[in-house]
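Here's the structure, in C-alpha coordinates; my notes come after.
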Number of protein chains: 2
Amino acid sequence: MSMRISELAQSTGVSLPTVKYYLREGLLPAGRATAATQADYDQTHVERLRLVRALADVGGLSLTSVRRVLQTLDAGDDQVPYAIGEAHTALGDAQSGLHADPAAPPLRAITLLQRLGWYTYDSAPALGQLEAALDAVDQVGIPPSDSVLDSYAAAALSIAETDIDGIPLDQEGAHGAGIPGGAVGFVVLATVLYEPILLALRRLAQAHVFAQRYEEPSRPGH
Amino acid sequence: MSMRISELAQSTGVSLPTVKYYLREGLLPAGRATAATQADYDQTHVERLRLVRALADVGGLSLTSVRRVLQTLDAGDDQVPYAIGEAHTALGDAQSGLHADPAAPPLRAITLLQRLGWYTYDSAPALGQLEAALDAVDQVGIPPSDSVLDSYAAAALSIAETDIDGIPLDQEGAHGAGIPGGAVGFVVLATVLYEPILLALRRLAQAHVFAQRYEEPSRPGH
DNA sequence: TCGCATTAGATAGTGTCGCTATCTAAATTA
DNA sequence: TAATTTAGATAGCGACACTATCTAATGCGA
(Lines give C-alpha, C1' and ligand atoms only; values in the text may rest on other atoms or scores of the structure.)
Protein backbone atom coordinates (compact mmCIF):
# COMPACT_ATOMS: atom_id res chain seq x y z
CA MET A 1 0.00 0.00 0.00
CA SER A 2 2.03 2.82 -1.37
CA MET A 3 1.44 6.41 -0.47
CA ARG A 4 2.91 9.84 -0.83
CA ILE A 5 4.28 11.88 1.97
CA SER A 6 1.21 14.05 2.18
CA GLU A 7 -0.99 10.98 2.58
CA LEU A 8 1.32 9.66 5.28
CA ALA A 9 0.91 12.91 7.13
CA GLN A 10 -2.83 12.92 6.65
CA SER A 11 -3.42 9.36 7.76
CA THR A 12 -1.50 9.82 11.00
CA GLY A 13 -2.65 13.31 11.84
CA VAL A 14 0.93 14.54 11.91
CA SER A 15 1.66 17.74 10.02
CA LEU A 16 3.70 17.45 6.88
CA PRO A 17 6.53 19.68 8.13
CA THR A 18 6.73 17.50 11.20
CA VAL A 19 6.95 14.35 9.11
CA LYS A 20 9.81 15.92 7.20
CA TYR A 21 11.40 16.87 10.48
CA TYR A 22 11.20 13.30 11.73
CA LEU A 23 12.75 12.09 8.50
CA ARG A 24 15.61 14.52 8.98
CA GLU A 25 16.01 13.42 12.56
CA GLY A 26 16.15 9.77 11.66
CA LEU A 27 13.01 8.89 13.56
CA LEU A 28 11.33 7.71 10.40
CA PRO A 29 13.11 5.81 7.62
CA ALA A 30 13.22 7.47 4.23
CA GLY A 31 10.69 6.39 1.66
CA ARG A 32 11.65 4.39 -1.40
CA ALA A 33 12.93 7.03 -3.79
CA THR A 34 11.34 6.84 -7.21
CA ALA A 35 12.92 9.99 -8.60
CA ALA A 36 14.88 13.00 -7.51
CA THR A 37 11.85 14.59 -5.94
CA GLN A 38 9.62 11.67 -5.23
CA ALA A 39 9.46 8.84 -2.73
CA ASP A 40 6.98 6.18 -1.75
CA TYR A 41 5.87 5.41 1.78
CA ASP A 42 3.88 2.46 3.03
CA GLN A 43 2.13 0.97 6.02
CA THR A 44 5.37 0.46 7.93
CA HIS A 45 5.88 4.20 7.84
CA VAL A 46 2.39 4.81 9.17
CA GLU A 47 3.03 2.45 12.07
CA ARG A 48 6.45 3.81 12.83
CA LEU A 49 5.09 7.31 12.85
CA ARG A 50 2.31 6.36 15.22
CA LEU A 51 4.85 4.66 17.46
CA VAL A 52 7.00 7.78 17.56
CA ARG A 53 4.02 9.84 18.59
CA ALA A 54 2.94 7.32 21.20
CA LEU A 55 6.39 7.16 22.77
CA ALA A 56 6.70 10.94 22.78
CA ASP A 57 3.18 11.94 23.76
CA VAL A 58 2.00 9.09 25.93
CA GLY A 59 5.32 7.84 27.19
CA GLY A 60 6.66 11.34 27.60
CA LEU A 61 10.00 10.48 26.02
CA SER A 62 12.17 13.11 24.40
CA LEU A 63 12.85 12.61 20.72
CA THR A 64 16.39 11.63 21.65
CA SER A 65 15.05 8.83 23.84
CA VAL A 66 12.59 7.85 21.15
CA ARG A 67 15.47 7.47 18.73
CA ARG A 68 17.34 5.27 21.19
CA VAL A 69 14.31 3.09 21.73
CA LEU A 70 13.77 2.72 18.00
CA GLN A 71 17.38 1.68 17.56
CA THR A 72 16.99 -1.00 20.20
CA LEU A 73 13.82 -2.17 18.53
CA ASP A 74 15.49 -2.26 15.14
CA ALA A 75 18.51 -4.13 16.40
CA GLY A 76 16.11 -7.03 16.71
CA ASP A 77 18.25 -8.79 19.26
CA ASP A 78 15.52 -11.00 20.57
CA GLN A 79 17.44 -12.94 23.14
CA VAL A 80 14.80 -13.11 25.81
CA PRO A 81 17.19 -13.10 28.78
CA TYR A 82 18.62 -9.79 27.73
CA ALA A 83 15.40 -8.13 26.74
CA ILE A 84 14.79 -6.38 30.02
CA GLY A 85 18.29 -5.07 30.29
CA GLU A 86 18.22 -3.73 26.79
CA ALA A 87 14.79 -2.28 27.24
CA HIS A 88 15.76 -0.40 30.35
CA THR A 89 19.04 0.72 28.89
CA ALA A 90 17.24 2.07 25.86
CA LEU A 91 14.91 3.97 28.14
CA GLY A 92 17.85 5.03 30.22
CA ASP A 93 17.19 7.83 32.60
CA ALA A 94 14.89 9.34 30.06
CA GLN A 95 11.95 9.10 32.37
CA SER A 96 12.71 11.98 34.62
CA GLY A 97 15.46 14.33 35.51
CA LEU A 98 16.68 11.99 38.17
CA HIS A 99 20.40 11.88 38.26
CA ALA A 100 21.62 12.49 41.80
CA ASP A 101 25.30 11.74 41.93
CA PRO A 102 25.83 9.04 39.35
CA ALA A 103 29.15 8.27 40.96
CA ALA A 104 27.75 7.42 44.36
CA PRO A 105 26.35 3.89 44.58
CA PRO A 106 22.59 3.73 45.17
CA LEU A 107 22.94 2.33 48.67
CA ARG A 108 19.40 2.73 49.89
CA ALA A 109 17.98 1.21 46.74
CA ILE A 110 20.32 -1.77 47.02
CA THR A 111 19.47 -2.23 50.68
CA LEU A 112 15.78 -2.21 49.87
CA LEU A 113 16.17 -4.78 47.12
CA GLN A 114 18.13 -7.02 49.43
CA ARG A 115 15.41 -6.82 52.02
CA LEU A 116 12.91 -7.75 49.34
CA GLY A 117 15.11 -10.58 48.19
CA TRP A 118 15.06 -9.30 44.65
CA TYR A 119 17.70 -10.07 42.15
CA THR A 120 19.78 -7.03 41.36
CA TYR A 121 22.15 -6.25 38.65
CA ASP A 122 24.16 -3.34 39.74
CA SER A 123 24.09 -1.30 36.60
CA ALA A 124 20.32 -1.17 36.36
CA PRO A 125 19.37 2.42 35.58
CA ALA A 126 16.27 1.99 37.70
CA LEU A 127 18.48 1.67 40.78
CA GLY A 128 19.70 5.21 40.39
CA GLN A 129 16.19 6.41 39.75
CA LEU A 130 14.92 4.73 42.85
CA GLU A 131 17.73 6.15 44.93
CA ALA A 132 17.10 9.69 43.70
CA ALA A 133 13.38 9.37 44.30
CA LEU A 134 13.90 8.11 47.84
CA ASP A 135 16.31 10.92 48.59
CA ALA A 136 13.98 13.57 47.28
CA VAL A 137 10.99 12.27 49.16
CA ASP A 138 12.98 12.25 52.39
CA GLN A 139 14.13 15.79 51.91
CA VAL A 140 10.57 16.93 51.43
CA GLY A 141 9.62 15.33 54.69
CA ILE A 142 7.32 12.53 53.64
CA PRO A 143 9.58 9.50 53.82
CA PRO A 144 7.78 6.24 53.05
CA SER A 145 7.85 3.72 55.85
CA ASP A 146 9.27 0.29 55.20
CA SER A 147 5.77 -1.10 55.17
CA VAL A 148 4.70 1.39 52.52
CA LEU A 149 7.71 0.44 50.44
CA ASP A 150 6.85 -3.20 50.89
CA SER A 151 3.33 -2.59 49.67
CA TYR A 152 4.59 -0.72 46.66
CA ALA A 153 7.11 -3.45 45.97
CA ALA A 154 4.47 -6.17 46.20
CA ALA A 155 2.27 -4.29 43.75
CA ALA A 156 5.23 -3.67 41.46
CA LEU A 157 6.09 -7.36 41.55
CA SER A 158 2.61 -8.35 40.57
CA ILE A 159 2.63 -5.87 37.70
CA ALA A 160 6.02 -7.12 36.56
CA GLU A 161 4.73 -10.68 36.52
CA THR A 162 1.85 -9.55 34.36
CA ASP A 163 4.29 -7.78 32.08
CA ILE A 164 6.59 -10.75 31.70
CA ASP A 165 3.66 -13.08 31.14
CA GLY A 166 2.69 -10.89 28.23
CA ILE A 167 5.93 -11.36 26.35
CA PRO A 168 5.18 -13.04 23.04
CA LEU A 169 7.27 -16.20 22.79
CA ASP A 170 6.93 -16.55 19.04
CA GLN A 171 9.67 -14.42 17.65
CA GLU A 172 7.83 -12.10 15.35
CA GLY A 173 5.17 -10.54 17.50
CA ALA A 174 1.62 -9.88 16.59
CA HIS A 175 2.01 -6.18 16.23
CA GLY A 176 2.40 -4.22 13.07
CA ALA A 177 4.99 -4.67 10.38
CA GLY A 178 6.62 -1.34 11.09
CA ILE A 179 7.32 -2.42 14.62
CA PRO A 180 9.78 -5.19 15.26
CA GLY A 181 8.32 -8.00 17.27
CA GLY A 182 9.95 -10.26 19.76
CA ALA A 183 10.74 -9.95 23.39
CA VAL A 184 12.81 -6.79 23.37
CA GLY A 185 10.25 -4.91 21.35
CA PHE A 186 7.40 -5.98 23.53
CA VAL A 187 9.18 -5.22 26.76
CA VAL A 188 10.27 -1.79 25.62
CA LEU A 189 6.83 -0.86 24.45
CA ALA A 190 4.97 -2.35 27.37
CA THR A 191 7.30 -0.73 29.87
CA VAL A 192 6.91 2.73 28.44
CA LEU A 193 3.38 2.68 27.15
CA TYR A 194 1.65 0.83 29.96
CA GLU A 195 3.15 3.24 32.46
CA PRO A 196 0.57 5.99 31.97
CA ILE A 197 -2.16 3.37 32.24
CA LEU A 198 -0.82 2.30 35.59
CA LEU A 199 -0.50 5.85 36.85
CA ALA A 200 -4.00 6.77 35.75
CA LEU A 201 -5.38 3.63 37.38
CA ARG A 202 -3.60 4.49 40.60
CA ARG A 203 -5.28 7.87 40.72
CA LEU A 204 -8.66 6.47 39.88
CA ALA A 205 -8.17 3.82 42.55
CA GLN A 206 -7.30 6.53 45.05
CA ALA A 207 -10.57 8.27 44.27
CA HIS A 208 -12.42 4.98 44.57
CA VAL A 209 -10.91 4.02 47.91
CA PHE A 210 -11.44 7.52 49.14
CA ALA A 211 -15.09 7.52 48.18
CA GLN A 212 -15.61 4.20 49.88
CA ARG A 213 -14.01 5.21 53.12
CA TYR A 214 -15.37 8.68 53.45
CA GLU A 215 -18.67 7.87 51.88
CA GLU A 216 -21.07 10.74 52.19
CA PRO A 217 -24.46 11.57 50.69
CA SER A 218 -23.10 14.64 48.89
CA ARG A 219 -20.73 14.21 46.01
CA PRO A 220 -17.10 15.15 46.19
CA GLY A 221 -15.42 16.76 43.26
CA HIS A 222 -16.45 19.96 41.60
CA MET B 1 17.02 30.50 61.91
CA SER B 2 17.52 33.52 59.73
CA MET B 3 19.63 33.50 56.62
CA ARG B 4 20.49 35.56 53.62
CA ILE B 5 19.60 34.69 50.09
CA SER B 6 23.07 33.42 49.30
CA GLU B 7 22.92 31.03 52.25
CA LEU B 8 19.51 29.86 51.11
CA ALA B 9 20.98 29.11 47.71
CA GLN B 10 24.00 27.38 49.21
CA SER B 11 22.12 25.19 51.63
CA THR B 12 19.78 23.86 48.94
CA GLY B 13 22.26 23.55 46.14
CA VAL B 14 20.20 25.84 43.94
CA SER B 15 22.08 28.61 42.15
CA LEU B 16 21.45 32.14 43.36
CA PRO B 17 20.09 33.37 40.02
CA THR B 18 17.67 30.47 40.05
CA VAL B 19 16.50 31.33 43.55
CA LYS B 20 15.84 34.85 42.39
CA TYR B 21 14.02 33.46 39.38
CA TYR B 22 11.78 31.34 41.62
CA LEU B 23 11.05 34.39 43.74
CA ARG B 24 10.04 36.31 40.64
CA GLU B 25 7.89 33.43 39.49
CA GLY B 26 6.09 33.20 42.78
CA LEU B 27 7.35 29.69 43.52
CA LEU B 28 9.07 30.88 46.65
CA PRO B 29 7.62 33.50 49.01
CA ALA B 30 9.60 36.68 49.44
CA GLY B 31 11.82 36.97 52.48
CA ARG B 32 11.02 39.30 55.31
CA ALA B 33 12.30 42.64 54.07
CA THR B 34 14.59 44.38 56.53
CA ALA B 35 15.57 47.23 54.23
CA ALA B 36 15.30 48.30 50.63
CA THR B 37 17.96 45.86 49.56
CA GLN B 38 17.86 43.26 52.27
CA ALA B 39 15.59 40.41 53.24
CA ASP B 40 15.71 37.51 55.64
CA TYR B 41 14.92 33.93 54.78
CA ASP B 42 14.39 31.00 57.10
CA GLN B 43 13.88 27.27 57.30
CA THR B 44 10.47 27.44 55.64
CA HIS B 45 12.16 28.85 52.56
CA VAL B 46 14.68 26.05 52.56
CA GLU B 47 11.91 23.48 52.69
CA ARG B 48 9.79 25.18 50.10
CA LEU B 49 12.75 25.38 47.77
CA ARG B 50 13.52 21.70 48.21
CA LEU B 51 9.88 20.92 47.53
CA VAL B 52 9.91 22.91 44.31
CA ARG B 53 12.98 21.01 43.13
CA ALA B 54 11.50 17.68 44.12
CA LEU B 55 8.25 18.34 42.29
CA ALA B 56 10.08 19.56 39.21
CA ASP B 57 12.97 17.11 39.06
CA VAL B 58 11.56 13.96 40.58
CA GLY B 59 7.89 14.49 39.82
CA GLY B 60 8.67 15.88 36.40
CA LEU B 61 6.21 18.74 36.77
CA SER B 62 6.56 21.96 34.82
CA LEU B 63 7.05 25.05 36.92
CA THR B 64 3.49 26.03 36.03
CA SER B 65 2.23 22.80 37.53
CA VAL B 66 4.47 23.24 40.53
CA ARG B 67 2.91 26.63 41.12
CA ARG B 68 -0.57 25.13 40.93
CA VAL B 69 0.36 22.40 43.39
CA LEU B 70 1.84 24.92 45.80
CA GLN B 71 -1.32 26.99 45.65
CA THR B 72 -3.40 23.96 46.50
CA LEU B 73 -1.06 23.17 49.37
CA ASP B 74 -1.22 26.72 50.65
CA ALA B 75 -4.98 26.89 50.43
CA GLY B 76 -4.84 24.51 53.36
CA ASP B 77 -8.31 23.21 52.69
CA ASP B 78 -7.90 20.07 54.69
CA GLN B 79 -11.32 18.60 54.21
CA VAL B 80 -10.38 14.99 53.88
CA PRO B 81 -13.20 14.03 51.51
CA TYR B 82 -12.07 16.57 48.96
CA ALA B 83 -8.38 15.97 49.24
CA ILE B 84 -8.12 13.56 46.34
CA GLY B 85 -10.17 15.69 44.02
CA GLU B 86 -8.12 18.74 44.77
CA ALA B 87 -4.88 16.88 44.56
CA HIS B 88 -5.68 15.51 41.15
CA THR B 89 -7.04 18.80 39.93
CA ALA B 90 -3.87 20.54 41.04
CA LEU B 91 -1.86 17.97 39.15
CA GLY B 92 -4.21 18.27 36.22
CA ASP B 93 -2.97 16.81 33.02
CA ALA B 94 0.49 17.94 33.91
CA GLN B 95 1.83 14.44 33.88
CA SER B 96 2.07 13.90 30.18
CA GLY B 97 0.99 15.38 26.95
CA LEU B 98 -2.14 13.32 26.99
CA HIS B 99 -5.03 15.28 25.73
CA ALA B 100 -6.88 13.32 23.06
CA ASP B 101 -10.13 15.05 22.32
CA PRO B 102 -11.15 16.62 25.62
CA ALA B 103 -14.65 16.99 24.25
CA ALA B 104 -15.20 13.30 23.65
CA PRO B 105 -16.16 11.39 26.77
CA PRO B 106 -13.60 8.78 27.87
CA LEU B 107 -15.83 5.84 27.03
CA ARG B 108 -13.33 3.03 27.30
CA ALA B 109 -12.04 4.30 30.61
CA ILE B 110 -15.55 4.54 32.00
CA THR B 111 -16.41 1.08 30.75
CA LEU B 112 -13.32 -0.33 32.41
CA LEU B 113 -14.11 1.33 35.72
CA GLN B 114 -17.62 -0.02 35.59
CA ARG B 115 -16.32 -3.50 35.02
CA LEU B 116 -14.04 -3.05 38.01
CA GLY B 117 -16.89 -1.71 40.06
CA TRP B 118 -14.94 1.38 40.93
CA TYR B 119 -16.53 4.60 41.95
CA THR B 120 -16.16 7.22 39.26
CA TYR B 121 -16.61 10.89 39.28
CA ASP B 122 -16.90 11.98 35.73
CA SER B 123 -14.62 14.96 35.76
CA ALA B 124 -11.61 13.09 37.07
CA PRO B 125 -8.63 14.18 34.97
CA ALA B 126 -7.24 10.67 35.25
CA LEU B 127 -10.14 9.39 33.16
CA GLY B 128 -8.97 11.36 30.16
CA GLN B 129 -5.41 10.27 30.75
CA LEU B 130 -6.44 6.63 30.89
CA GLU B 131 -8.49 6.97 27.73
CA ALA B 132 -5.64 8.58 25.82
CA ALA B 133 -3.19 5.95 27.02
CA LEU B 134 -5.49 3.11 25.99
CA ASP B 135 -6.02 4.64 22.57
CA ALA B 136 -2.33 5.12 21.96
CA VAL B 137 -1.41 1.63 23.04
CA ASP B 138 -4.01 0.19 20.70
CA GLN B 139 -2.76 2.18 17.77
CA VAL B 140 0.74 0.90 18.33
CA GLY B 141 -0.51 -2.65 18.22
CA ILE B 142 0.03 -3.86 21.76
CA PRO B 143 -3.45 -3.59 23.27
CA PRO B 144 -3.64 -4.89 26.82
CA SER B 145 -6.06 -7.75 27.33
CA ASP B 146 -8.81 -7.41 29.89
CA SER B 147 -6.91 -9.71 32.20
CA VAL B 148 -3.82 -7.52 31.97
CA LEU B 149 -5.92 -4.49 32.77
CA ASP B 150 -7.45 -6.35 35.69
CA SER B 151 -4.01 -7.16 37.04
CA TYR B 152 -2.92 -3.58 36.71
CA ALA B 153 -6.10 -2.40 38.35
CA ALA B 154 -5.68 -4.80 41.26
CA ALA B 155 -2.15 -3.58 41.80
CA ALA B 156 -3.26 0.04 41.51
CA LEU B 157 -5.98 -0.58 44.06
CA SER B 158 -3.55 -2.03 46.52
CA ILE B 159 -1.24 0.93 46.06
CA ALA B 160 -4.11 3.35 46.49
CA GLU B 161 -5.08 1.69 49.74
CA THR B 162 -1.54 2.09 50.96
CA ASP B 163 -1.63 5.73 49.92
CA ILE B 164 -4.90 6.47 51.66
CA ASP B 165 -3.77 4.63 54.78
CA GLY B 166 -0.83 6.98 54.89
CA ILE B 167 -2.90 10.13 55.15
CA PRO B 168 -2.13 11.83 58.45
CA LEU B 169 -5.36 12.30 60.33
CA ASP B 170 -4.01 14.93 62.70
CA GLN B 171 -4.39 18.15 60.83
CA GLU B 172 -0.91 19.56 60.84
CA GLY B 173 1.19 16.79 59.40
CA ALA B 174 4.58 15.72 60.49
CA HIS B 175 6.45 17.26 57.64
CA GLY B 176 8.33 20.49 57.61
CA ALA B 177 7.05 23.91 58.53
CA GLY B 178 7.43 25.20 54.99
CA ILE B 179 5.07 22.56 53.74
CA PRO B 180 1.45 22.66 54.77
CA GLY B 181 0.33 19.48 56.41
CA GLY B 182 -3.03 17.83 56.37
CA ALA B 183 -4.72 15.51 53.98
CA VAL B 184 -4.55 17.54 50.80
CA GLY B 185 -0.87 18.24 51.24
CA PHE B 186 -0.04 14.65 51.89
CA VAL B 187 -2.10 13.31 49.03
CA VAL B 188 -0.65 15.77 46.55
CA LEU B 189 2.89 15.03 47.58
CA ALA B 190 2.47 11.30 47.85
CA THR B 191 0.73 11.09 44.51
CA VAL B 192 3.44 12.97 42.67
CA LEU B 193 6.53 12.00 44.56
CA TYR B 194 5.87 8.31 45.15
CA GLU B 195 5.20 7.87 41.46
CA PRO B 196 8.84 7.59 40.42
CA ILE B 197 9.40 5.13 43.25
CA LEU B 198 6.64 2.95 41.91
CA LEU B 199 7.94 3.14 38.36
CA ALA B 200 11.47 2.31 39.41
CA LEU B 201 10.24 -0.62 41.50
CA ARG B 202 8.27 -1.91 38.55
CA ARG B 203 11.37 -1.99 36.41
CA LEU B 204 13.45 -3.60 39.09
CA ALA B 205 10.71 -6.16 39.62
CA GLN B 206 10.70 -6.88 35.89
CA ALA B 207 14.41 -7.60 36.05
CA HIS B 208 13.90 -9.79 39.11
CA VAL B 209 11.07 -11.83 37.61
CA PHE B 210 13.00 -12.11 34.41
CA ALA B 211 16.09 -13.39 36.14
CA GLN B 212 14.07 -15.94 38.07
CA ARG B 213 12.29 -17.33 35.06
CA TYR B 214 15.13 -17.47 32.63
CA GLU B 215 17.70 -18.43 35.17
CA GLU B 216 20.52 -20.28 33.58
CA PRO B 217 23.88 -21.45 34.87
CA SER B 218 25.81 -20.25 31.81
CA ARG B 219 25.19 -17.61 29.24
CA PRO B 220 22.66 -18.76 26.72
CA GLY B 221 24.08 -19.60 23.34
CA HIS B 222 22.77 -18.31 20.11
C1' DT C 1 34.71 55.92 58.32
C1' DC C 2 36.17 54.04 54.15
C1' DG C 3 35.55 50.61 50.83
C1' DC C 4 34.24 46.38 49.05
C1' DA C 5 30.91 42.64 48.88
C1' DT C 6 26.06 41.59 48.97
C1' DT C 7 21.44 42.48 48.02
C1' DA C 8 16.66 43.61 45.74
C1' DG C 9 14.64 44.47 41.78
C1' DA C 10 14.54 45.09 36.91
C1' DT C 11 15.66 43.78 32.29
C1' DA C 12 17.89 41.25 28.87
C1' DG C 13 20.22 37.26 27.08
C1' DT C 14 21.03 32.01 26.47
C1' DG C 15 20.54 27.20 25.14
C1' DT C 16 17.60 23.41 24.23
C1' DC C 17 13.59 21.38 22.34
C1' DG C 18 10.22 20.47 19.04
C1' DC C 19 8.59 21.96 15.58
C1' DT C 20 7.20 25.42 11.41
C1' DA C 21 8.19 28.20 7.33
C1' DT C 22 10.42 29.29 3.20
C1' DC C 23 13.04 28.43 -0.79
C1' DT C 24 14.73 25.85 -4.99
C1' DA C 25 14.64 22.75 -8.54
C1' DA C 26 12.59 18.71 -10.22
C1' DA C 27 8.68 15.79 -11.11
C1' DT C 28 3.77 14.67 -11.21
C1' DT C 29 -1.01 15.42 -12.39
C1' DA C 30 -4.90 17.74 -14.41
C1' DT D 1 1.13 23.17 -20.57
C1' DA D 2 0.03 24.94 -16.09
C1' DA D 3 -0.72 24.07 -11.37
C1' DT D 4 0.53 21.24 -7.65
C1' DT D 5 3.53 18.29 -5.08
C1' DT D 6 7.82 16.82 -3.69
C1' DA D 7 12.86 16.28 -1.74
C1' DG D 8 16.23 18.48 0.37
C1' DA D 9 18.29 22.40 2.51
C1' DT D 10 18.25 26.26 5.57
C1' DA D 11 16.26 29.48 8.57
C1' DG D 12 12.94 31.00 11.94
C1' DC D 13 9.87 30.56 16.01
C1' DG D 14 7.76 30.06 20.60
C1' DA D 15 7.94 27.89 24.95
C1' DC D 16 10.66 26.79 28.81
C1' DA D 17 13.93 27.14 32.46
C1' DC D 18 17.14 29.35 33.58
C1' DT D 19 21.52 32.80 33.57
C1' DA D 20 23.70 37.27 33.26
C1' DT D 21 24.05 42.06 33.82
C1' DC D 22 22.95 46.41 35.64
C1' DT D 23 21.66 49.89 39.28
C1' DA D 24 21.12 51.74 43.56
C1' DA D 25 20.95 50.74 48.28
C1' DT D 26 22.81 48.48 52.12
C1' DG D 27 25.75 45.56 55.35
C1' DC D 28 29.99 44.55 57.42
C1' DG D 29 34.76 44.44 58.20
C1' DA D 30 39.17 46.86 59.12
Side-chain angles (χ1 to χ4, degrees), chain A residues 2-42 45 49 51-70 93-99, chain B residues 2-42 45 49 51-70 93-99:
Chain A
S2 186
M3 47 171 56
R4 313 203 285 176
I5 195 171
S6 56
E7 298 175 81
L8 175 58
Q10 282 261 313
S11 65
T12 54
V14 177
S15 82
L16 200 148
T18 299
V19 173
K20 286 180 133 193
Y21 170 66
Y22 287 171
L23 286 167
R24 287 202 295 281
E25 292 294 304
L27 297 169
L28 197 59
R32 191 175 52 81
T34 61
T37 64
Q38 220 71 18
D40 272 357
Y41 302 86
D42 59 25
H45 293 93
L49 195 43
L51 175 58
V52 169
R53 297 311 293 232
L55 290 172
D57 294 346
V58 179
L61 300 190
S62 68
L63 295 190
T64 301
S65 296
V66 170
R67 191 183 300 106
R68 196 162 45 230
V69 166
L70 293 177
D93 47 12
Q95 286 309 79
S96 40
L98 301 178
H99 33 285
Chain B
S2 186
M3 47 171 56
R4 314 204 284 178
I5 195 172
S6 56
E7 298 175 81
L8 176 57
Q10 282 262 314
S11 66
T12 54
V14 177
S15 81
L16 202 149
T18 300
V19 173
K20 288 180 131 193
Y21 170 65
Y22 287 171
L23 286 167
R24 287 201 296 279
E25 291 293 306
L27 297 169
L28 197 59
R32 190 175 52 83
T34 60
T37 63
Q38 221 70 19
D40 272 356
Y41 303 87
D42 59 25
H45 292 93
L49 194 43
L51 176 57
V52 169
R53 296 311 294 231
L55 290 172
D57 294 347
V58 178
L61 300 189
S62 68
L63 294 189
T64 301
S65 296
V66 170
R67 185 165 30 246
R68 196 161 45 230
V69 167
L70 293 177
D93 46 12
Q95 287 309 79
S96 41
L98 300 178
H99 32 284

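Here is the naming used below: chain letters follow the sequence lines, and residue numbers restart at 1 for every chain. Quick caveat, the model's predicted, so the values are computed rather than measured. Heavy atoms only: backbone and side chains are in, while hydrogens, waters and symmetry mates are out.
Close to C:dC19, at under 4.0 Å from its OP1 or OP2, lies no side-chain N or O of A:Ser15. In terms of phosphate contacts, A:Thr37 brings no side-chain nitrogen or oxygen within less than 4.0 Å of OP1 or OP2 of C:dT28. For the OP1/OP2 pair of C:dC19 and a distance below 4.0 Å, the side-chain nitrogens and oxygens of A:Tyr22 include at least one atom meeting the criterion. Residue B:Ser6 places at least one side-chain N or O under 4.0 Å from the OP1 or OP2 atom of C:dT7. A close approach under 4.0 Å does not occur between any side-chain nitrogen or oxygen of A:Arg4 and OP1 or OP2 of D:dT5. B:Tyr21 has no side-chain polar atom (N or O) that falls below the 4.0 Å cut-off from OP1 or OP2 of C:dT14.
Residue A:Glu25 qualifies as enclosed at atom CD: its count of foreign heavy atoms under 6.0 Å is above 12. Heavy atoms from other residues, nucleotides or ligands lying under 6.0 Å from CD of A:Gln10 number 12 at most.
Of the candidates C:dT7, D:dT6, D:dT19, D:dT6 carries the atom nearest the A:Gln38 side chain, counting heavy atoms from C-beta on. Of the listed nucleotides (C:dA26, D:dT19, C:dA8), C:dA8 has the atom at the smallest distance from the side chain of B:Ile5.
In this entry the distance linking CG of B:Leu49 with C1' of D:dA17 reads 15 Å, nearest Å. In this structure, CD of A:Glu25 is placed 12 Å from C1' of C:dT16, rounded to the nearest angstrom.
Here A:Ala39 lies in heavy-atom contact (under 4.0 Å) with sugar-phosphate atoms only.
For D:dT19, the base has a donor-acceptor partner in the side chain of B:Arg24 [N/O atoms by modelled type, under 3.5 angstrom].
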